[in-house]
Peer 1: 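Sharing a structure with you now.
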Amino acid sequence: MLNFEYCNPVNIVFGKGQIAKLSKLVPEGVKILVTYGGGSIKKNGVYDQVMQALEGRDVLEFGGIEPNPRYETCMKAVEIVKREKVGFLLAVGGGSVLDGTKFIASAALFEGEEPWDILTIGAEVKDAVPIGAIMTLPATGSEMNGHAVISRNSTGEKLAFWSQKVFPRFAILDPTTTMSLPERQVANGIVDTFVHVCEQYMTYPADTPIQDREAEGALLTLIEEGPKVFIDPTNYNVRANLMWAATVGLNGWMGQGCPQDWATHAIGHEITAFTGTDHGRTLALVMPALWKHEREAKRAKLLQYAQRVWGIQGGDPEKNIDLAIEKTVEFFKSVKIDASKRAYGLTDEICDKIVNVFNTRGVRLGERGAISGKEVGEILKLCAE
Ligand code: NZQ
Ligand code: ZN
């Protein structure tokens, strides 16, 4: 097991009706800026619940944070935070709203030249406005981590940052708020969660049996619960299990001490930047191809996954790996994601551009840094046509 240091300060408030607790969770005596997206919270009643719970408090609002939140939009909110001396940010919505809010919180107190430097050169986030979250889309795990992913319109970039300062102070997770999600977003969330777990698991054995079994437990749960939500969308327990899976999938816990591989995400973010494809869908496209490409490096874990998650064992190990990858693709289809390059407009020309991005950045992806631009190109070739 690798060395690690883990501190997760998020107060999780989970279950039906928990939004009513807001007034106790948000500190007194500060100006609050409620941030949200394109209006889903106004249609499903979450906005009304929030405003009712915050009655009598000094509340401003900032709507319009788009999916794949944009730097340009976030900077408009930064002006409000500075001008109005906002002391608390309350993000209400999906991962994009919360990620945007994490960036707003950091940019508002940023002392360097341009807050974009936080994303490009990793400029340190020395302080951030405190954040609370009400999550209405189980997917990113952003509610219990310090990550945020921000896109910039003018340059076509999509970049991530991490800071201990942007962990939410609390996150309210009421599974009933997820019942208004369109099927497409439900599917995205299930696949995103599945791939978060895999990125922390599918590397090489590092004698981490607790973490491995936590990961396998989460994957098995997603395989069991995922398809149910499409048949029985108002089933509270299914919604609750999917919501909790998303949180534990990327709150960092199950990956501590483990080698990790975030190459699928890195490639997926570029596909989104160039084609606008939903985050979860890019992952469903890339991960099976990446596993095929990296089958030697990931061999032991692929076999463990085949056996413990899919019950495939004995016989020819090569066939077992192939079958486990096939089962994974079938699982994505069972939750309504049939990923292909054609469906997402991922042409050869765009693939070349993505390879260029990685060549220019010079980053080496994968658990052993074995994936550079050239390998990214090979992986993109292996993606389903
Ligand atoms: O904008 P509104 O009107 O709220 O509608 C949203 C949006 O259109 C809608 N929605 C959310 N909750 C709803 C709802 N519609 C009906 N009922 C509800 N209860 O869903 C749409 C998509 O929302 P978005 O927040 O974009 O989705 P998601 O939560 O999947 O977030 C995706 C973003 O998170 C980043 C992705 O790259 C992408 O930018 N990620 C963040 C991570 C993190 N912070 O740790 C890790 C992830 O790997 C990921 O990269
Ligand atoms: Zn993700």
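All of these numbers come straight from a predicted model, not from anything done at the bench. Every number for a ligand or one of its atoms is a count from 1 in the order of the listing.
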Peer 1: For atom 23 (O) of ligand 1, what's the nearest protein heavy atom and its distance?
Peer 2: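 So the nearest neighbour among protein heavy atoms is Leu137 CD1, 3.4 Å.
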
Peer 1: Please tell me if the side chains of Tyr305 and Lys298 come closer than 4.5 Å, counting only heavy atoms from C-beta onward.
Peer 2: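 Heavy-atom side-chain distance check fails, nothing below 4.5 Å.
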
Peer 1: Give a yes/no verdict on whether any heavy atom in Pro182 is under 4.0 Å from an atom of ligand 1.
Peer 2: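 It does; at least one heavy atom falls under 4.0 Å.
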
Peer 1: Using a strict threshold of under 4.0 Å (side-chain N to carboxylate O), is an ion pair present between Asp212 and Lys301?
Peer 2: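 So Lys301 pairs with Asp212 through a salt bridge.
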
Peer 1: Inspect the contact between Lys76 and Glu72 and indicate whether a charged nitrogen and a carboxylate oxygen are less than 4.0 angstrom apart.
Peer 2: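 Lys76 and Glu72: not salt-bridged.
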
Peer 1: Which ligand 1 atoms, with their elements, are less than 4.0 angstrom from a heavy-atom of Asp192?
Peer 2: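 What qualifies from ligand 1 is 47 (C), 48 (O).
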
Peer 1: Do Ser154 and Tyr71 touch side chain to side chain, with heavy atoms closer than 4.5 Å?
Peer 2: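 Counting from C-beta outward, Ser154 and Tyr71 never come under 4.5 Å.
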
Peer 1: If you have a sec, read the angle at the Zn ion (ligand 2) from His196 atom NE2 over to His279 atom NE2, to 10 degrees.
Peer 2: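 Here the angle at the metal atom is close to 170°, to 10°.
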
Peer 1: Side chain or backbone of Ala139 under 4.0 Å from ligand 1, or both, or neither, by non-hydrogen atoms?
Peer 2: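 Side chain only.
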
Peer 1: Any heavy atom of Met179 sitting closer than 4.0 Å to ligand 1?
Peer 2: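 False for this residue.
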
Peer 1: Establish, from distance only, whether the side-chain atoms of His279 and Asp192 form a donor-acceptor pair under 3.5 Å.
Peer 2: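 A donor-acceptor contact under 3.5 Å links the two side chains.
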
Peer 1: Under 4.0 Å, counting heavy atoms only: does Asn44 come that close to any atom of ligand 1?
Peer 2: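 For ligand 1, residue contact (heavy atoms, under 4.0 Å) with Asn44 is present.
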
Peer 1: Have a look at ligand 1 and work out which part of His147, if any, has a heavy atom under 4.0 Å from it: side chain, backbone, both or neither.
Peer 2: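 The answer is both, backbone and side chain.
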
Peer 1: Would you mind checking which non-hydrogen protein atom is closest to atom 25 (O) of ligand 1, with the distance to 0.1 Å?
Peer 2: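 Atom 25 (O) of ligand 1 sits closest to the protein heavy atom Ser96 N, 2.8 Å.
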
Peer 1: How far is atom 2 (P) of ligand 1 from its nearest protein heavy atom, and which residue and atom name does that atom have?
Peer 2: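 For this ligand atom, the closest protein heavy atom is Gly38 N, 3.3 Å.
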
Peer 1: Do ligand 1 and Lys102 have nitrogen or oxygen atoms that lie under 3.5 Å from each other?
Peer 2: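 In this structure, Lys102 places no N or O atom under 3.5 Å from an N or O of ligand 1.
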
Peer 1: Could you tell me whether a side-chain N or O of Thr203 sits under 3.5 Å from a main-chain N or O of Glu199, the two making a donor and an acceptor?
Peer 2: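 It does not hold such a pair.
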
Peer 1: Could you tell me whether ligand 1 has any atom less than 4.0 Å away from a heavy atom of Gly141?
Peer 2: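 No.
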
Peer 1: Considering non-hydrogen atoms of the protein only, which is the closest contact for atom 38 (C) of ligand 1, and what is the distance?
Peer 2: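 Result for atom 38 (C) of ligand 1: Asn68 OD1, 3.5 Å.
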
Peer 1: Do NZ/NE/NH1/NH2 and the carboxylate oxygens of Arg368 and Glu296 come within less than 4.0 Å?
Peer 2: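 Result for this pair is no, no salt bridge flagged.
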
Peer 1: Only heavy atoms of Gly39, strictly under 4.0 Å: list the atoms of ligand 1 that pass.
Peer 2: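 Under 4.0 Å from Gly39, ligand 1 has these atoms: 3 (O).
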
Peer 1: By number and element, which atoms of ligand 1 are closer than 4.0 Å to a non-hydrogen atom of Gly37?
Peer 2: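 Listed by number with element: 1 (O).
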
Peer 1: Does CG belonging to Asp316 count more than 12 external heavy atoms closer than 6.0 Å?
Peer 2: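 Yes.
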
Peer 1: Closest approach of Thr73 and Gly64, non-hydrogen atoms and distance?
Peer 2: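 Shortest heavy-atom separation between Thr73 and Gly64 comes out as CG2-O, 3.6 Å.
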
Peer 1: Could you tell me whether Glu157 and Arg152 have a side-chain N and a carboxylate O separated by less than 4.0 Å?
Peer 2: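 Salt bridge flag = no for Arg152 with Glu157.
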
Peer 1: Could you tell me which atoms of ligand 1, counted from 1 in the order shown, lie closer than 4.0 angstrom to a heavy atom of Pro67?
Peer 2: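 Answer for ligand 1: 7 (C), 8 (O), 26 (O).
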
Peer 1: Specify which N/O/S atom of Asp192 comes nearest to the Zn ion (ligand 2), by atom name.
Peer 2: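 Checking each N, O and S atom of Asp192, the shortest distance to the Zn ion (ligand 2) belongs to OD1.
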
Peer 1: Pairs of nitrogen or oxygen atoms closer than 3.5 Å, one from Gly95 and one from ligand 1: do any exist?
Peer 2: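 In this structure, Gly95 places an N or O atom under 3.5 Å from an N or O of ligand 1.
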
Peer 1: Got the closest protein heavy atom to atom 35 (C) of ligand 1, with its distance?
Peer 2: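 So the nearest neighbour among protein heavy atoms is Asp99 OD2, 3.6 Å.
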
Peer 1: Relative to atom 22 (C) of ligand 1, which among His265, Arg70, Gln185, Lys42 owns the nearest non-hydrogen atom?
Peer 2: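 Considering heavy atoms of His265, Arg70, Gln185, Lys42, the nearest to atom 22 (C) of ligand 1 sits in Gln185.
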
Peer 1: Has Lys16 got its NZ or CZ under 6.0 Å from the middle of the six-membered ring of Tyr236, at an angle within 45 degrees of the ring axis?
Peer 2: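 Yes, a cation-pi geometry holds between Lys16 and Tyr236.
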
Peer 1: Is any NZ, NE, NH1 or NH2 atom of the basic residue among Glu318 and Arg299 found under 4.0 Å from an Asp or Glu carboxylate oxygen of the other?
Peer 2: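 The answer is yes: the pair qualifies as a salt bridge.
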
Peer 1: Taking the side chain as C-beta and beyond, is there a heavy-atom pair between Trp116 and Ile150 under 4.5 Å?
Peer 2: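 Answer yes - side chains close enough.
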
Peer 1: What protein heavy atom is closest to atom 37 (O) of ligand 1, reported as residue, atom name and distance in Å?
Peer 2: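 Of every protein heavy atom, Lys158 NZ, 2.7 Å lies nearest to atom 37 (O) of ligand 1.
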
Peer 1: Who's the nearest protein heavy-atom neighbour of atom 16 (C) of ligand 1, and how far?
Peer 2: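 Looking only at protein heavy atoms, the one closest to atom 16 (C) of ligand 1 is Ser180 O, 3.4 Å.
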
Peer 1: Would Thr282 and Ile267 satisfy side-chain contact (heavy atoms from CB on, under 4.5 Å), going step by step from the backbone distance to the final call?
Peer 2: CA-CA 8 Å; Thr282 67; Ile267 301 169; over 6 Å; no

Peer 1: Could you establish whether Lys43 and ligand 1 come within less than 4.0 Å of each other, counting only heavy atoms on the residue side?
Peer 2: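 It does not; every heavy atom stays at 4.0 Å or beyond.
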
Peer 1: Measure Asn188 to ligand 1 on non-hydrogen atoms and call it side chain, backbone, both or neither using the 4.0 Å cut-off.
Peer 2: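 The answer is neither; Asn188 stays 4.0 Å or more away.
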
Peer 1: Have a look at ligand 1 and work out which part of Glu66, if any, has a heavy atom under 4.0 Å from it: side chain, backbone, both or neither.
Peer 2: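 For Glu66, there is no contact with ligand 1 at all, from either part.
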
Peer 1: Nearest 0.5 Å, what's the NZ-OG distance between Lys327 and Ser334?
Peer 2: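 Interatomic distance, Lys327 NZ to Ser334 OG, rounded to 0.5 Å: 10.5 Å.
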
Peer 1: Considering only non-hydrogen protein atoms, determine which one is nearest to atom 13 (C) of ligand 1 and report residue, atom name and distance to 0.1 Å.
Peer 2: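 Result for atom 13 (C) of ligand 1: Leu181 CD2, 3.2 Å.
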
Peer 1: Is Asn145 touching ligand 1 with its side chain, its backbone, both, or neither, if touching means heavy atoms under 4.0 Å apart?
Peer 2: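 The side chain, only.
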
Peer 1: Salt bridge between Glu270 and Arg361, side-chain N to carboxylate O under 4.0 Å?
Peer 2: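 Yes, charged N to carboxylate O under 4.0 Å.
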
